[in-house]
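To start, the structure itself, in structure tokens.
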Amino acid sequence: MEDLNQVLQQRRKKAGEMADLGVELYPNTFKPAHHIIDILPQDVRDDHELPLQEGEKVIAGRIIAMRKFGKAAFLQIQDESGRGQVYIKKSAVGEESFKVFNKLDIGDLAGFHGTLFRTQKGEPTLHVSSFKLITKSLRPLPEKFHGLTDVEIRYRQRYVDLIVNPEVRETFRKRVEIIRLMREFLVSRQFMEVETPMMHPIAGGATAKPFQTHHNALDMDLYLRVAPELYLKRLLVGGFERVFEINRNFRNEGLSTRHNPEFTMLEFYQAYATYAELMDLTEEMVTSICQKVNGTLEINFEEQQVDLTAPWQRFTMDEALEQVGGIDPAILADPAQIMALATEKGLQLEKKSGPGKAKMELFDLLVEEKLINPTFITAYPTEVSPLARRNDDNPDVTDRFELFVTGRELANGFSELNDPVDQCERLEKQVAERGEDEEIFPEVDYDFVRALEYGMPPAAGEGIGIDRLAMLLTNAPSIRDVILFPHMKPEKG
RNA sequence: GGGCCGUUAACUCAGCUGGUAGAGUAUCUGACUUUUAAUCAGAGAGUCGCGCGUUCGAGCCGCGCACGGCCCA
């Protein structure tokens, strides 16, 4: 505490002086009766003719600016609803009280009683009759004009970011609203929200590096889930026909503007539905959410203009490679030529990879980033879709789609494979072909196979990345802008 | 993991060819009873991310490390 800088020392000194004046620094007795937005709303502020509400008003909030004039002062107060102005003068609150007022700092939480009036410039203002310190702040807020812009501090000390950057609060309100609307949409369609384990004995449901942990009493290793898929499907076996889960997945991989080690996914499964129906559902869900959250389906995402108006473009994988990627259809039809093309493009394919994997790599390279407006890609190679149902007419591809917007994958869905024998073979094949990456722990979930043996109804399921959807709808360039407390390395090494 | 960039007062940023630290805001003191980034006068405030090196001398040059950003894998 000896090395506190000057500003922090001043704050502590003032706090002590207030205590000496008999002021309680952290009381919990003040009850605000109004939100600032309700008594000082924007339309009243804009129209100087509109009448103000009568009677005594009681607000509480953080002091974010002070303009003092000796015997009077204007304060800018911020509560959850917004910002508003209060006016305090010595003659109105009394000498003793004004002494306390002069010890208040920017950043303190305080409560105010008063009545509304308009200043000479027309700004609606609370004329304070009495006030009370609610919480003393011992740290100064960032400078008022530029605010807090250092992204490292913004992420590490999100609380400060939220105090001083209103648009950040707005982004997270939108995120919460997106999730609320998503729930509402699914519940209204008779989906049931469920919770499945976050700790898995087998890291299944997706190919990703898991976080490992250990249960001491049971002396067993566990993995934080990389996907809830295999548990949600068990529920279909159990007889729940429409289930969804909105929760965190964990992947022990690199960080980027699009990846956080823990991220939020919606996964949902609908019995007797096909992937084609889920594409329709996705269109309807995302457009309705966007319309409600943003009031429009036009999005400016970074430099790009995106139009979410349905229907969305649909391509098969081969169509996309041909029409967007510019690959000759004759090459696409010939596995050997596809492999050769991938090599020619400099793609590093593992020995066991086949033409399906090669197509995926070519898609990532040549097509993905060009899909700006929402686009469904269908007919994914069976080779890269271990949990998806084969197409009835062409067993080399699956009844699967992925949704791309602004060059990013937003959703992945498919008609579910419910043939236990086929499923078991594919999982075993997948395990057999892995092994080069020691950070992936390949194991077949035989209990899942057993569940399928009891019979899972035909179904379709889908996952939607909530963080990426929130990025799209709030025009956030980094996933860290839509996660309240993104992962950071420790401050001191 | 690789490349590039950044880290200077609480915040936002300057800092020349290497010569020993600057501004605005915030803070403190004084003036001021309708301000709007209030104004006016004055003052204090720094481990220049950390370490090592080069040099008579390093915020600045070199090497290493930490954290962060962007791009790539």
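Sequence lines set the chain letters: A, B, ... in the order given, protein chains first and strands last, and positions in each chain run from 1.
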Task: Minimum-distance nucleotide (side-chain atoms of Phe117(A) versus U34(B), U33(B), U36(B)) - done: U34(B)
TODO: Please tell me which of Lys90(A) and Ser478(A) maps to the more 5' nucleotide of RNA chain B, matching each residue to the nucleotide holding its nearest heavy atom.
DONE: Lys90(A)
- [ ] Determine the contact category for Ile153(A): base if any of its heavy atoms lies under 4.0 Å from a base atom, sugar-phosphate if only primed atoms, P, OP1 or OP2 are that close, otherwise nothing.
- [x] sugar-phosphate
Task: Minimum-distance nucleotide (side-chain atoms of Gln10(A) versus U12(B), G68(B), U27(B)) - done: U27(B)
TODO: Could you tell me whether Lys14(A) contacts a base, only the sugar-phosphate backbone, or nothing, with contacts defined as non-hydrogen atoms closer than 4.0 Å?
DONE: sugar-phosphate
- [ ] Compare the ring of Phe74(A) with the six-membered ring in the base of U35(B) and state whether they stack (centres under 5.5 Å, planes under 30°).
- [x] yes
- [ ] Counting heavy atoms from C-beta on, name the nucleotide in U25(B), U36(B), U33(B) closest to the side chain of Lys121(A).
- [x] U36(B)
- [ ] Consider only side-chain N and O atoms of Thr316(A) and Asp318(A), and report whether a donor and an acceptor are under 3.5 Å apart.
- [x] no
Open item on the list: As a check on the pairing definition, encode RNA chain B in dot-bracket form, counting Watson-Crick and G-U wobble pairs whose two distances are under 3.5 Å, and using | for partners outside this strand.
Closed with: (((((((..((((.....[..)))).(((((.......))))).....(((((..]....)))))))))))).
Task: Pairwise P distance for A9(B) and A23(B), with rounding to whole Å - done: 14 Å
Open item on the list: Classify Arg480(A) by what it touches in the nucleic acid, base, sugar-phosphate, or nothing, heavy-atom distance under 4.0 Å.
Closed with: sugar-phosphate
Open item on the list: Between U34(B) and Thr125(A), counting only base atoms on the nucleotide and side-chain atoms on the residue, is there a donor-acceptor pair under 3.5 Å?
Closed with: no
- [ ] Using a 4.0 Å heavy-atom cut-off across all strands, classify Gly147(A) as base, sugar-phosphate, or nothing.
- [x] sugar-phosphate
Open item on the list: On the side chain of Gln85(A), is there an atom forming a donor-acceptor pair with the base of U35(B) - under 3.5 Å, no angle test?
Closed with: yes
Task: Touch class at under 4.0 angstrom, heavy-atom based, for Gln76(A) against every strand present - done: nothing
Open item on the list: Given U33(B), G44(B), G68(B), identify the nucleotide with an atom nearest to the side chain of Phe69(A).
Closed with: U33(B)
TODO: Look at the side-chain N and O atoms of Arg67(A) and state whether any lies under 4.0 Å from the OP1 or OP2 oxygen of A38(B).
DONE: yes
TODO: Choose from U36(B), C71(B), C11(B) the nucleotide whose nearest atom is closest to any side-chain atom of Thr119(A).
DONE: U36(B)
Task: C50(B) to A66(B) separation - C1' atoms, rounded to the nearest Å - done: 7 Å
Task: Nearest non-hydrogen partners of Asp481(A) and Ala476(A), listed with the distance - done: CB-CB, 3.8 Å
Open item on the list: Categorize Lys489(A) for me: base, sugar-phosphate, or nothing, with a 4.0 angstrom heavy-atom threshold over every strand shown.
Closed with: sugar-phosphate
- [ ] Counting heavy atoms from C-beta on, name the nucleotide in U36(B), A26(B), U12(B) closest to the side chain of Pro140(A).
- [x] A26(B)
Open item on the list: Once you apply a heavy-atom cut-off of 4.0 Å, does Lys144(A) come out as touching a base, just sugar-phosphate, or nothing?
Closed with: sugar-phosphate
TODO: Determine the contact category for Ser91(A): base if any of its heavy atoms lies under 4.0 Å from a base atom, sugar-phosphate if only primed atoms, P, OP1 or OP2 are that close, otherwise nothing.
DONE: base
Open item on the list: Please confirm whether the shortest side-chain N or O distance from Gln120(A) to OP1 or OP2 of U35(B) is below 4.0 Å.
Closed with: yes
